[in-house]
Amino acid sequence: MAASTTPLVLALNGGSSSLKFALFRADVSPRRMLAGKIERIGLPDSKINWRGDDGLVSQSCCVTAPDHTAAVRLALDCVEKQTDGKAVAAVGHRVVHGGMNYTEPVIVTPEVLAELRRLSPYDPEHLPAEIAVMEAVGAKFPNVPQMACFDTAFHRTMPRVAKLLPIPRRYGAKGVERYGFHGLSYAYLMEELGRLDPVGTRGRVILAHLGNGASLAA
């Protein structure tokens, strides 16, 4: 009975040519039920792969995903097959860039989408795709709340000297500064470090995010 009443939360991570998705049962300790990825969006050989909560059996097949809107539909179809008719209670999005204004997660509204479109030139590789993902989810589930979580938010508390770039100050006044990226990854790493070594988090720490994109944070 408890499992049937536990809310389901969908997490989406839209990349420049990929879409990662994961479905969680929002228990006290969230439990992942499904994880998948659609790759090579926009190319003729797009592929989707996913694995269920057993973590052992994975499935993969070729799909038609000309853009992120089509990719979201494929991901949502995959998710719906795992929910046994139960509705998703909320959707969370990883958003790479939140500019100067977004220092915390926010509920996705038309005003937030408009601001992200304005910020798209800051990150033309990611923001248009992430906006398309949010709009596609909103069209499919208009009554399900969506939350945008920003990579740059983790770094907004950096001292001003760390944000400055070696360029004329007039560009800084227009928003050109060091924002920091992979913030959600670093937030997770700090949480895990705090769990494993609480004393260590109070010292000087260097963290590395290693993947298709790589960065360091001190």
Tell me, do [X] and [Y] make a side-chain contact under 4.5 Å, heavy atoms counted?
| X | Y | result |
| --- | --- | --- |
| Val95 | Met134 | yes |
| Asp151 | Arg94 | yes |
| Leu8 | Leu23 | yes |
| Phe181 | His155 | no |
| Asn13 | Phe21 | no |
| His68 | Ile41 | yes |

Stepwise side-chain contact (heavy atoms from CB on, under 4.5 Å) check, Asp45 with Cys62: CA-CA 7 Å; Asp45 54 347; Cys62 293; 6.0 Å; no

Working for side chain to side chain donor-acceptor pair (under 3.5 Å), residues Gln146 and His93: CA-CA 7 Å; Gln146 300 186 69; His93 298 267; 2.5 Å; yes

Residue pair Asn49, Gln59: steps toward the side-chain contact (heavy atoms from CB on, under 4.5 Å) verdict: CA-CA 5 Å; Asn49 58 77; Gln59 301 184 57; over 6 Å; no

Leu216 backbone acceptor or donor facing Tyr186 side chain under 3.5 Å: yes

Ion pair Lys20/Glu130, N-O distance below 4.0 Å: no

Carboxylate-amine/guanidinium proximity below 4.0 Å for Glu135 and Arg117: yes

Worked check of side-chain contact (heavy atoms from CB on, under 4.5 Å) between Tyr102 and Thr152: CA-CA 8 Å; Tyr102 294 124; Thr152 48; over 6 Å; no

is_close_aromatic(His97, Phe150), centroid dist under 6.0 Å: no

Whether His209 and His182 hold their rings parallel, tilted or perpendicular, with breakpoints at 30° and 60°: parallel

